[in-house]
Amino acid sequence: MRSETLENTTRILSDLVGFPTISADSNLEMIAYASELLSALGARLSMTLDESGHKANLFATLGPEGDGGIVLSGHSDVVPVDGQEWTSDPFAMREADGRLYGRGTCDMKGFIACTLAMAPHFAELDLKRPLHFAFTYDEEVGCFGARALVEELERTELRPSVAIIGEPTMMRIIEGHKGCFEYTTEFRGLAGHASSPERGVNAVEYAVRYISRLMALAEELKTRAPKGNRFDPPWTTLQVGTISGGAARNVIADHCSVEWEMRPVRNEDADFVKDRIRTFVESELKPAMRAVFEGADIVTHVIGEVDGLEPVTESEARQIVSELTGLTEAEVVAFGTEAGLFQKAGISSVICGPGSIEQAHKADEFVSLEQLDQCLGMLERLGRKVS
């Protein structure tokens, strides 16, 4: 069966790559394609749209109704190709030397293609546990689709027990990664002539004080690294990406913005940073600014807060994928995924999928046929396990 299924996987992957689902654009055509394949097999479908109506999550189920199901999860969006030099059209899959080239082949339409190619086989089995297919939008820009999907599951009170997120891991088992919390903080001051700085509120100067406090917190976070932590580095990191503001050197700056991020080892560290910086703003910075100009303000916009996947002692997901792959070791990685959102919702989660993260986001992105075949083997054994 595997050779035929691999051929079908390749055909489906070619179709998926042909949908240019860059995060800034719609994914509805790809979701409709997957919906049609799964609906024809008798799957129960649920589709939720984002606020724009141009993007959707698909949640489909084969097997019995109820809780305790296993989720096969993948994001439908891909990163842009602008400025990259591709050997061929990135949205027309090309096969060469046992590799399939195209945007999203490894990140992560390869895994989605494997699940869709295996779906007819799953549909023929007498499944004892539900098998769910979860295809999300906007993972690459903040995991917004997965967040909406988890909220929908909680609203409908459906409780899957395991999630396998098929990000490219070379089919290794990944049980942990840091979170990624991204912010833009805006400073609104009062402009004036530089010869009288006390008559204005210099937004750039207050931004510098804010950054200084962030850097002090970054040093403090190093002392909070949990013992035995396997991450590199083992502490929560915090860094400032950009600062922009002001009009000229002889004008008091009335605006400034700071883009910063942190990558928490655990959610308590994120709460620690947010509480400390909020207290600093409310008790020191804002009162000083408003003593000169009542309209002065500091506002932080949340760009994205993606929870990390925390390694746990007992993990049904890790145990199942270990049985399916024959691997006994699980690792942690630096890159982020949607897995932490599933875990936070009480769903045991691991990451395991075809392809290498080293190929993701690059020109001539590819996944090998060998990796796809290994993934199909894992899914075939999953079918036997739950039937």
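When reading the values below, keep in mind they use all heavy atoms of this one structure, side chains included, and skip hydrogens, waters and symmetry mates.
- Ring-plane geometry between Phe133 and Phe135 is classed as perpendicular, the angle between the planes exceeding 60 degrees on a 0 to 90 degree scale with a lower cut at 30.
- Taken together through direct or relayed side-chain contacts under 4.5 Å among Ile, Leu, Val, Met, Phe, Trp and Tyr, Trp86 and Met93 form parts of separate hydrophobic clusters.
- At a cut-off of 3.5 Å, with distance as the only test, no side-chain donor of His75 or Asp138 sits close to an acceptor on the other residue.
- Annotation: the span from Phe187 atom CZ to Asp297 atom CG amounts to 10.5 Å, rounded to 0.5 Å.
- For the atom pair CD1 of Ile211 and CD of Gln239, the computed distance is 10.5 Å after rounding to the nearest 0.5 Å.
- Nearest heavy atom pair, residue Leu221 against residue Trp235, reads O-CB, 3.5 Å.
- Within the 3.5 Å criterion, the main-chain N or O of Glu259 finds no donor-acceptor partner in the side chain of Thr184.
- Within a 6.0 Å radius of NZ in Lys286, more than 12 heavy atoms belonging to other residues, nucleotides or ligands are found.
- Atom CE of residue Met108 and atom CD1 of residue Ile165 lie 8.0 Å apart, to the nearest 0.5 angstrom.
- Shortest non-hydrogen contact noted between Ala56 and Leu28 is CB-CD2, 3.6 Å.
- Between Arg99 atom CZ and Glu365 atom CD the span is 12.5 Å, to the nearest 0.5 Å.
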Audit row: Gln84, Arg103, side-chain hydrogen bond (donor to acceptor under 3.5 Å, both in side chains) steps and yes/no: CA-CA 11 Å; Gln84 296 183 341; Arg103 174 55 84 222; 2.5 Å; yes

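- The distance between the ring centers of His132 and Phe59 falls below 6.0 angstrom.
- In terms of heavy atoms, Ser35 sits closest to Leu58 at OG-CD1, 3.4 Å.
- We find that Glu152 and Arg155 are joined by a salt bridge, their nearest charged nitrogen and carboxylate oxygen being less than 4.0 Å apart.
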Donor-acceptor pairs under 3.5 angstrom involving side-chain atoms of residues 43-50: please list them, not counting sequence neighbours.
unit_1 : atom_1 : unit_2 : atom_2 : d
Arg44  : NH1    : Gly63  : O      : 3.0
Arg44  : NH2    : Gly63  : O      : 3.0
Arg44  : NH2    : Pro64  : O      : 3.3
Asp50  : OD1    : Ser52  : N      : 3.2
Asp50  : OD1    : Ser52  : OG     : 2.9
Asp50  : OD1    : Gly53  : N      : 2.9
Asp50  : OD1    : His54  : N      : 3.4
Asp50  : OD1    : Lys55  : N      : 3.3
Asp50  : OD2    : Ser52  : OG     : 3.0

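- Between the Ser212 side chain and the Val208 main chain, a donor and an acceptor come within less than 3.5 Å of each other.
- Residue Glu65 qualifies as open at atom CD: its count of foreign heavy atoms under 6.0 Å is 12 or below.
- Salt bridge status for Arg230 with Glu329: absent, with no side-chain N to carboxylate O gap under 4.0 Å.
- With a 4.5 Å cut-off between side-chain heavy atoms of Ile, Leu, Val, Met, Phe, Trp and Tyr, the cluster of Phe144 takes in Tyr137, Val141.
- To the nearest 0.5 angstrom, Ile347 atom CD1 is 11.5 Å from Glu316 atom CD.
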Audit row: Asn27, Thr21, side-chain hydrogen bond (donor to acceptor under 3.5 Å, both in side chains) steps and yes/no: CA-CA 5 Å; Asn27 73 338; Thr21 52; over 6 Å; no

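- Using a distance-only test at 3.5 Å, with no hydrogens or angles considered, a donor-acceptor pair links the side chain of Gln343 to the main chain of Glu310.
- Within a 6.0 Å radius of CG in Asp275, more than 12 heavy atoms belonging to other residues, nucleotides or ligands are found.
- For the residue pair Glu186 and His301, a side-chain donor N or O sits within less than 3.5 Å of a side-chain acceptor on the partner.
- Salt bridge Glu268/Arg224: absent, no basic N to carboxylate O contact under 4.0 Å.
- In this structure a side-chain-to-backbone donor-acceptor pair under 3.5 Å is present from Ser348 to Ala317.
- Between Phe335 and Pro168, the shortest heavy-atom contact is CZ-O, 4.0 Å.
- Remark: Glu151 does not engage Arg147 in a salt bridge, criterion side-chain N to carboxylate O under 4.0 Å.
- Between Arg318 and the choices Glu331, Glu323, Glu175, the salt bridge (charged side-chain N to carboxylate O under 4.0 Å, His left out) rule is met once, by Glu175.
- Side chains of Tyr101 and Thr87: no donor on one and acceptor on the other come within 3.5 Å.
- Side-chain atoms of Gln371 come within 3.5 Å of backbone N or O of Gly355 as a donor-acceptor pair.
- Each of Met289 and Val204 belongs to its own hydrophobic cluster when Ile, Leu, Val, Met, Phe, Trp and Tyr are linked at side-chain heavy-atom distances under 4.5 angstrom.
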Candidate pair Leu131 and Leu382, rule side chain to side chain contact (heavy atoms under 4.5 Å, CB included), full reasoning: CA-CA 10 Å; Leu131 282 181; Leu382 174 63; 4.1 Å; yes

Worked verdict on Thr10 versus Glu95 for side-chain hydrogen bond (donor to acceptor under 3.5 Å, both in side chains): CA-CA 9 Å; Thr10 302; Glu95 182 176 350; 5.6 Å; no

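- Under the 3.5 Å distance criterion, the side-chain polar atoms of Thr236 are matched with a main-chain donor or acceptor of Val265.
- Heavy atoms of other residues, nucleotides or ligands lying less than 6.0 angstrom from CD of Glu370 number 12 at most.
- Residues Met262 and Leu217 share a single hydrophobic cluster, defined by chaining ILVMFWY side chains whose heavy atoms lie under 4.5 Å apart.
- If you run side chain to side chain contact (heavy atoms under 4.5 Å, CB included) between Arg94 and each of Asp364, Leu100, Thr105, Val17, only Asp364 comes through.
- A pairwise comparison of heavy atoms in Leu190 and Ile252 identifies O-CG2, 3.4 Å as the closest pair.
- Across all non-hydrogen atoms, the minimal contact from Trp260 to Val240 is CB-CA, 4.1 Å.
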